[in-house]
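None of the values given here were measured: they were computed from a predicted structure. Here is how names work: the chains are called A, B, and so on, in the same order as the sequence lines, proteins then strands, and each is numbered from 1.
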Protein chains: 2
Amino acid sequence: MITKRSTINDVARLAGVSIKTVSRVFNREPNVRQSTRDKVIAAAETLNYRPNRSARQLASNLTFVIGMLYDNPNSDYVTEVQYGCLQVCREYGYNLLIHPCQADSPDLIDEIGGLQHQVDGFIVLQPVSDDQRLNQLLLENNIACVRVSQRPFEEFPWISVGDKEAADQMTEYLLDLGHRRVGFIIGHPDHGSSHDRLAGYRSALKRRDIRYDENLVAQGRFDLESGLSCARKLLSSTSRPTAIFASNDPMAMGVLSAAHEFGLDVPRQLSVAGFDDSPLARHAWPPLTTVRQPITEVARLATNVLMQQLQGRSEGDSNHRLQAELVCRASTGSPG
Amino acid sequence: MITKRSTINDVARLAGVSIKTVSRVFNREPNVRQSTRDKVIAAAETLNYRPNRSARQLASNLTFVIGMLYDNPNSDYVTEVQYGCLQVCREYGYNLLIHPCQADSPDLIDEIGGLQHQVDGFIVLQPVSDDQRLNQLLLENNIACVRVSQRPFEEFPWISVGDKEAADQMTEYLLDLGHRRVGFIIGHPDHGSSHDRLAGYRSALKRRDIRYDENLVAQGRFDLESGLSCARKLLSSTSRPTAIFASNDPMAMGVLSAAHEFGLDVPRQLSVAGFDDSPLARHAWPPLTTVRQPITEVARLATNVLMQQLQGRSEGDSNHRLQAELVCRASTGSPG
DNA sequence: TATAAAAATGACAGCGCTGTCAAAAGCGCA
DNA sequence: TGCGCTTTTGACAGCGCTGTCATTTTTATA
């Protein structure tokens, strides 16, 4: 049997107050006497009342939904971000609308334009967060958002992870192991973090007075196949590297495959390092030395910042920077 | 500058019709003259009108949102399902609300109970779809849903994938290669598909008149670690198997690691097969022979069936069965 | 041409809530 | 006790749409 869902009127009648008072209680507004509050809550409980979101949305012109914009082929990353975001959403009674999209799609702007009234704000992940048209759209329409990106855009709050520092650390770690020819595979050229990771690699070399050698660097695209072909190229060179640092884990997996092809033992003859600490990395053979990003933290933080924004409490400082961390496993060791 | 969003009234005024007619056009209702329809559409276009979902929801008592319930640690699977589901959702103007949950949580029922008014229906993935309390809740409250599961529940429509047949095929394939001692690692005991995959293994053995040997079978939990320990057990036995068929890819990765430990060459000394065709499988070394499930298809189908349901067009036959497919890669070969 | 039936359109209530503003109740203090 | 203040509560409009049902227009048929 389907019993009709109880409304604010039912609760008000049972509690002997006006519907407005019920509304106040459920919106945690001040200036409601405790005894009144209790009456209302009790009544709501007996009736198993739940506010009707649609009605609330219509009346308040709020959706209680936030949108998540992303174009990330890495499902582990996406899932983890979703998870962290949902945790915070639930605290605030918000729902999450996921919107995977193609950053290079010409329809992107229309698409998001249509979404804008369905959500109160957006969390925009890399690399979509670096799309200037999109940022402009959000800005012009005064849409609340938090960007996960390595670079600022206007006054938008943004969350960044110390990609450069982490890449620097990883490079330094490889140098500390005694490597002198450390290869590097750059990530997808459209991804902001690709540049930062490369910058980190370069800064560590520089600090150690090691010349940056273009022959040790190859341009990948963040997928295994590109990692494989880059590694083939690097390993075929006359002065082959004794370590290869790939800008993400799938590419590092490609390097591992190439090492197999070349009959190189990892890590004795070739050290391999990745970035992201995906499950892939843990499950590789040998398990991959990599960099762990605090993904859940990023997601939680981004969501919290957005919630603050939506509640009008915008912060002074709009950048929050988190640090990534080295995870040393068996794929790296001293050379020779 | 933020211009106020235009409403159905604006469109009606500009088109010179009543708001009800505008409503009809936007809901694709019949009985609107083409010329009227055109006028309305033109007016809507100039005003850049978009129906207000909240208002529509409130008035129609529909949410235009479907919920996706899952508890799946495999992010590739989840992401792919989300993707397929979203494709269909967009066609129908629906949004997707994801709700990862813990199948064994005591609060699950409350949680879903609270969600029920926020969505028009649910897509329930395994293993949540096999939770009897949840199914009962959905049934009692007459909530529309489509289950992705290997078994029926009452009259609910359900989508299943031929796990058993696929496992049978894979086993047969290994036998065809000449293996006589084929090990098997069972999946998580709470997962319906674990049983089916085991059943497929057994049926293939039986057809070939090969005795089912308990010593060749180990109980895993769908994760790499359990695959590793199961493989250690199987490989330590006096009559070690020449092939191991793990019920999913992470466990097969564990088997691969164990093979490394035991100094066994894959596939010359040990063939390894997985299930699911996760990216893991493609990226393993050697690349893993496995079973590909039509995940996107499952998701699309499930969503379509749900949409049919919501529109009152319930089908006669409520089960849709899709077939999985063998993917043969380099991790399997003839023994010896 | 008249008439019935079908198709197209509109008037209006109301979905369940929040915002606004006014009214009532409670409080401190002379 | 009464005054002015603050705190608490309520009445009511209206958010933008859809459902119902009445009305008008068109079409088919006699």
According to ring-ring contact (aromatic ring centres under 6.0 Å, His included), who are the partners of [X], at least two apart in sequence or on a separate chain?
| X | answer |
| --- | --- |
| A/Tyr94 | A/Phe64 |
| B/Tyr77 | none |
| A/His99 | none |

task = Using the test salt bridge (Lys or Arg N to Asp or Glu O under 4.0 Å), find all partners of B/Arg300 that sit at least two apart in sequence or belong to another chain.
result =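 By the salt bridge (Lys or Arg N to Asp or Glu O under 4.0 Å) rule, B/Arg300 matches B/Glu91.
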message = Checking A/Arg53 now: which residues fulfil salt bridge (Lys or Arg N to Asp or Glu O under 4.0 Å) with it, not counting sequence neighbours?
response =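 Here no residue qualifies.
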inquiry  = Let me check the geometry of the helix from C/dT1-D/dA30 to C/dA30-D/dT1. What is the bend angle between the axes at its two ends, five pairs each, to 10°?
reply    = 30°
key: Flag for B/Glu80-B/Thr296: side-chain donor and acceptor within less than 3.5 Å   = yes
ask   = For DNA chain C, which residues in residues 36-43 of chain A have a heavy atom at a distance below 4.0 Å?
value = none
request  = Check side-chain hydrogen bond (donor to acceptor under 3.5 Å, both in side chains) between A/Arg133 and all other residues, then give those that pass, not counting sequence neighbours.
outcome  =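 side-chain hydrogen bond (donor to acceptor under 3.5 Å, both in side chains) check on A/Arg133 returns A/Asp131.
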query = Under the side-chain hydrogen bond (donor to acceptor under 3.5 Å, both in side chains) test, which residues partner B/Thr46, sequence neighbours left out?
reply = none
request  = Summarise how protein sits on nucleotides 17-26 of chain D as a single string, 5' to 3': B when a protein heavy atom is under 4.0 Å from the base, S for sugar-phosphate-only contact, - for no contact.
outcome  = BBBB-----S
inquiry  = How many whole angstroms separate atom CG of A/Asn31 from atom P of C/dT20?
reply    = 15 Å
request  = Could you check how far CG of B/Leu47 sits from P of D/dG16, rounded to whole Å?
outcome  =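 It is 14 Å, rounded to the nearest whole Å.
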note = The side-chain contact (heavy atoms from CB on, under 4.5 Å) partners of B/Pro157 (sequence neighbours excluded) come to B/Val146, B/Val305, B/Gln309, B/Ser318
Please list every donor-acceptor pair under 3.5 Å in which a side-chain atom of residues 14-27 of chain B meets a protein atom from a residue at least two apart or in another chain.
{"residue": "B/Ser18", "atom": "OG", "partner": "B/Lys20", "partner atom": "N", "Å": "3.4"}
{"residue": "B/Ser18", "atom": "OG", "partner": "B/Thr21", "partner atom": "N", "Å": "3.4"}
{"residue": "B/Ser18", "atom": "OG", "partner": "B/Thr21", "partner atom": "OG1", "Å": "3.4"}
{"residue": "B/Ser23", "atom": "OG", "partner": "B/Asn27", "partner atom": "ND2", "Å": "3.4"}
{"residue": "B/Asn27", "atom": "OD1", "partner": "B/Arg56", "partner atom": "NH1", "Å": "3.1"}
{"residue": "B/Asn27", "atom": "ND2", "partner": "B/Ser23", "partner atom": "O", "Å": "2.8"}

query = Nearest nucleotide by nearest heavy atom, which residue falls closer to the 5' end of DNA chain C, B/Leu58 or B/Ser18?
reply =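 Whichever sits nearer the 5' end wins; that is B/Ser18.
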